[in-house]
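One-based numbering, in listed order, for ligands and for the atoms of each.
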Amino acid sequence: MSSTTIESLRGTVASYMGQKRFAHTLRVEAEALALADLFALSCEARTDLQIAALLHDITKERTLPEQIALCERFGIAYSEADCLSPKVFHARTGAAVAKELFPSLVNDRIYRAIERHTVAAPDLTLFEALLYLADYIEGGRTFPDCVRLRGFFYDGIQAKKEPLAHLDDTLLLSLDMTISDLLSEGAIVNEQTFLARNALLCKKKRV
Ligand SMILES: [Fe+2]
Ligand SMILES: [Fe+2]
């Protein structure tokens, strides 16, 4: 992937969002690249992760009616519960819009990683997990859960924990925090988030 392509991708993404979100996007890009190196992704996967990071929030600033219109247009299913938890829409609509805008760049793994970056999934791949984590721990986030998760992850890496098992533990902590925050707010919890947490717990018990 040439640096010109990445630069023009950044330019297009910037036109879809305000400055604050674009700055977040660039930090997710940087974090995703750092994680790709840490987990020794291939050159091709590393570039795909960079593209996914740049595109992951492309529809985040669309209103709920706009999100619903995008779902209708792309044939994306949604539920009544989703409408009460509107943050979940941008991951699905973002994947579809990213694919429409950049059909030659957005392959299946990029599409799926964008689609799953908010609620996770029980069968999250390493590639998808790294985008999810990069979004959660990028350096500009100051929300206590994000600071805690960043510390937990990098402390474990520094302590030379086995990286994949430690990534699972990090994901589990992030899902626990997300679910408990949502419960304390009386908010809807997406079923995929519960399934993702349970799958990680089952995997841990098996080892
Ligand atoms: Fe997002
Ligand atoms: Fe994000």
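- The closest side-chain donor-acceptor pair between Thr178 and Asp181, if any, does not fall under 3.5 angstrom.
- With respect to the salt-bridge test (charged N to carboxylate O, under 4.0 angstrom), the residues Glu100 and Arg73 qualify.
- Side-chain contact between Leu105 and Asp48 is absent, with no heavy-atom pair separated by less than 4.5 Å.
- Sorted by chain and number, the protein atoms of type N, O or S within less than 2.8 Å of the Fe ion (ligand 2) are His24 NE2, His56 NE2, Asp57 OD2, Asp135 OD1.
- Looking at heavy atoms from C-beta onward, Ile68 lies in side-chain contact with Cys83 at the 4.5 angstrom threshold.
- Partners of Leu126 under the side chain to side chain contact (heavy atoms under 4.5 Å, CB included) rule, at least two apart in sequence or in another chain, are Phe39, Leu41, Leu130, Leu164, Leu167.
- Salt-bridge check for Lys161 with Asp155: failed, with every basic side-chain N at 4.0 Å or more from each acidic carboxylate O.
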